[in-house]
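Working notes for the structure below.
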Number of protein chains: 2
Amino acid sequence: MAAAVHRLIAHDGLDAATMSAVAREAGFSVGLVQHYFASKDELLLFAYERLTADLLARVAARTADGEAAGRSIRAIMLDCLCELLPLDPARRGEHRVSRAFQARAMDVPTAAEVAVATAGVLRGRVAQGIENGKECGETEAATDAELAAVELTALVDGLADLVYREPARAAAAGAVLADRLAAVLPGRCRHYD
Amino acid sequence: MAAAVHRLIAHDGLDAATMSAVAREAGFSVGLVQHYFASKDELLLFAYERLTADLLARVAARTADGEAAGRSIRAIMLDCLCELLPLDPARRGEHRVSRAFQARAMDVPTAAEVAVATAGVLRGRVAQGIENGKECGETEAATDAELAAVELTALVDGLADLVYREPARAAAAGAVLADRLAAVLPGRCRHYD
DNA sequence: GCGATAACCATACGGCGGTACGGCAACCCG
DNA sequence: CGGGTTGCCGTACCGCCGTATGGTTATCGC
């Protein structure tokens, strides 16, 4: 159901996600949609929450995989942050949906909460990773993890927009991201690698 | 006229910028609006172009002022980039409008062109400033100006979103920006200061 | 088994959006 | 002077959207 919303927005923008269009796309009737969601706002909010939850879960999975493979924090983090870049058609679509909801979040307080919460979780995880780096020697002890996390998350946010607008600059974006990550986590882990 | 569109979007979102609402806000009739703009798309596109032109002009003005005052490139650039952050109510409003149009740019090719062009000009100016820094000793000769410009513009983009979402983190955003700028332009100008 | 509750549907309704159209005043140019 | 172009207006039209509603089928507790 939420997937139908995502598909519609990804393909034709947020305005295309009308009740009837969603119902048609999902193969249900309009009445059914109304049965599960009291209003369109609820539907959209649910779809937004679902989107961010999926994204966060994917990041968590990549983290888990990386840890299981014994990779460095820097490598894992680069992996996770690149996941947020619209580098392939699927992620471009997701980016469209995400941005549409973020725009909506400027007018709808409930959506804004989701946006704040998601960004907070992401920033928190990045900060945690950097903090962990101090224990295993990847991060300089003097580094302010919180500030570095603010920088990195803001950077990927901006790079995502850039890559979407100008896909030709994807390589440059990746280079910038890797570079900054290397600056924040310059050391080698004393456990792995 | 475009100002009316901006006010409406800033206050109630892009959907509030209907033909009749714009006419009312501007003190004109619906017919007049139609007389000057063949369609709503045209009106919105004009308003978008106007917005970006204003913004670029303001940045240019700040640059000119800074140069006239003999300030360092780093100081001027910090000034310009902070101009892009939604630090006060006026700029918050502008940010809302800007983001609304950027979201629209994902569906409307003509708007996308404006977005790409604006971002390009901005990035170009930043790159130029960094390049200039090499001649006056502020920038390390090995610095890749283009790449650094990509980083800085993407960073302010992301920071702008962060500051809008969580105004409490404005100080952190400013610190990050100043820090990165200091890293790219570490030296002292051999002419001024 | 059976009433009630939930799942599900088709359709009707009120509202509003963008655009088209006909008309009125003013001004220009021959 | 006078017809036509331009600036400008009010309104009507059509379509679509979100929602409400009444009804039909299935599910399930007792």
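Please read these numbers as outputs of a predicted model, since none were measured by experiment.
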Should we count CD of B:Glu140 as having more than 12 external heavy atoms under 6.0 Å? no
More than 12 foreign heavy atoms under 6.0 Å from CZ of B:Arg125: is that the case here? yes
Nearest-neighbour nucleotide for the [X] side chain, [options] considered:
{"X": "A:Leu32", "options": "D:dC17, C:dC8, C:dG18", "value": "C:dC8"}
{"X": "B:Met19", "options": "C:dG18, C:dC9, D:dT19", "value": "C:dG18"}
{"X": "B:Lys40", "options": "D:dG18, D:dA20, C:dT19", "value": "C:dT19"}
{"X": "B:Ser29", "options": "C:dC8, D:dG10, D:dC17", "value": "D:dG10"}
{"X": "B:Val30", "options": "C:dT19, C:dC9, C:dG18", "value": "C:dT19"}
{"X": "A:Tyr36", "options": "C:dC8, C:dG17, D:dT19", "value": "C:dC8"}

Nearest whole angstrom, please: distance from the [atom2] of [N] to the [atom1] of [X].
{"X": "A:Asp15", "N": "C:dG17", "atom1": "CG", "atom2": "P", "answer": "13 Å"}
{"X": "B:Leu14", "N": "C:dG18", "atom1": "CG", "atom2": "P", "answer": "10 Å"}
{"X": "A:Leu43", "N": "D:dG18", "atom1": "CG", "atom2": "P", "answer": "10 Å"}
{"X": "A:Gln34", "N": "D:dG23", "atom1": "CD", "atom2": "P", "answer": "17 Å"}
{"X": "A:Arg24", "N": "C:dA10", "atom1": "CZ", "atom2": "C1'", "answer": "15 Å"}
{"X": "A:His35", "N": "C:dA7", "atom1": "NE2", "atom2": "C1'", "answer": "5 Å"}
{"X": "B:Glu42", "N": "C:dG18", "atom1": "CD", "atom2": "P", "answer": "15 Å"}

Are the charged groups of B:Arg91 and B:Glu94 less than 4.0 angstrom apart, N to O? no
Look at the rings of A:His6 and A:Phe101 and say which category their plane angle falls in: under 30° parallel, 30 to 60° tilted, over 60° perpendicular. perpendicular
